[in-house]
Amino acid sequence: MVRQRIEIKKIDNVTARQVTFSKRRRGLFKKAKELSTLCDAEIALIVFSSTGRLFDYSSSSMGQVFERHNLQTENLMQPNQPSLDLHLDNSRYAVASKEVKEKTLELRRLRGEELHGLSLEELKKLEKTLEGGISRLLKTKTEMFEKEITALKIKEARLMEVNEWLKQQAKVQMGTDKRQTHEQGQSSDQSVITTTNNGSSAAAPPPCQDYNSSDTSLKLSLSFPS
């Protein structure tokens with residue numbers, strides 16, 4: 001179905017006019033937002049209804065857009081004046097410089113410097129801020145110490161396990177060495193005994209045989225008269 005083109009003219013019916021105004025206003029603001037997002041444009045819209053109600057939309061700050069509009073108008077009226085971009089850069093630089101100066105002063109006061117000129121309430125507030133920072137610092141340091149202690153305990157337990165295992169391995173090795181030494185000693189004793197038995201078969205008669213023969217000769221010689 002082909003849409004019919006609506007004739008652009010004032011709507012006489014008040015109710016239909018208000019409905020159309022609400023729909024077209026929302027659509028207009030939606031398109032303005034899309035244009036600002038897609039093209040990085042600064043947009044400000046001001047709409048007054050037939051009843052005098054105000055509707056507005058701004059992509060950033062309504063005041064900032066108006067200020068830029070006024071600067072642009074003045075720049076067009078005075079061609080010899082610096083460009084609008086230069087005015088904006090100078091304004092942003094002034095704001096940034098002011099913020100840097102304030103933060104630098106705040107940092108120095110946190111270090112205990114440039115405290116002159118502060119009231120008693122400001123000094124109490126600064127003291128409270130420092131106490132809160134020290135408390136958070138101590139808490140963080142304690143947590144780090146606890147983590148390091150836990151890690152050292154785990155490392156100690158592992159080292160003790162390894163040490164115990166090494167002791168057991170050393171005991172097993174010592175038992176094995178003693179058993180091998182004992183077996184080698186028994187083998188040496190058996191070898192000495194075997195060698196001694198083999199040599200005694202060709203040896204002279206035991207001394208007891210010589211003693212008996214000498215005693216017999218002595219008895220025979222005593223039987224004759226002197």
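For the ring pair (Phe, Tyr, Trp, His ring centres under 6.0 Å) test, no residue two or more places apart in sequence or in another chain qualifies with Phe29.
At least one side-chain heavy atom of Leu120 sits under 4.5 Å from a side-chain heavy atom of Lys124. Side-chain contact between Leu45 and Leu28: present, with at least one pair of heavy atoms (C-beta onward) separated by less than 4.5 Å. The shortest distance between side-chain heavy atoms of Glu34 and Lys30 falls below 4.5 Å. Counting heavy atoms from C-beta outward, Ser22 and Arg26 have side chains that approach closer than 4.5 Å.
No more than 12 heavy atoms of other residues, nucleotides or ligands sit less than 6.0 Å from atom CG of Asp40. Counted within 6.0 Å of CD on Glu156, heavy atoms from surrounding residues, nucleotides or ligands total 12 or fewer; the atom is thus considered open.
Distance alone, capped at 3.5 Å, places no donor-acceptor pair between the Ser36 side chain and the Ile43 backbone. Proximity of a side-chain donor or acceptor of Ser49 to a complementary backbone N or O of Arg53 within less than 3.5 Å is detected. With Glu102 contributing its side chain and Glu99 its backbone, the two residues share no donor-acceptor pair below 3.5 Å. The main-chain N or O of Asp12 is found under 3.5 Å from a side-chain atom of Arg17 such that the two form a donor-acceptor pair. A donor-acceptor pair under 3.5 Å links the side-chain atoms of Thr140 to the main chain of Arg136, judged by distance alone.
Looking only at atom types and distance, the side chain of Gln18 has a donor-acceptor partner in the side chain of Ser50 under 3.5 Å away.
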Would Leu54 and Ile46 satisfy side chain to side chain contact (heavy atoms under 4.5 Å, CB included), going step by step from the backbone distance to the final call? CA-CA 7 Å; Leu54 171 64; Ile46 299 177; 3.5 Å; yes
Pair Ser60-Val65, side chain to side chain contact (heavy atoms under 4.5 Å, CB included): steps then yes or no: CA-CA 8 Å; Ser60 56; Val65 176; 3.9 Å; yes
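Applying the ring-ring contact (aromatic ring centres under 6.0 Å, His included) test to residues at least two apart or on different chains, none of the pairs has a partner in residues 148-174.
The heavy-atom pair separating Met62 from Tyr57 by the smallest distance is CE-O, 3.6 Å.
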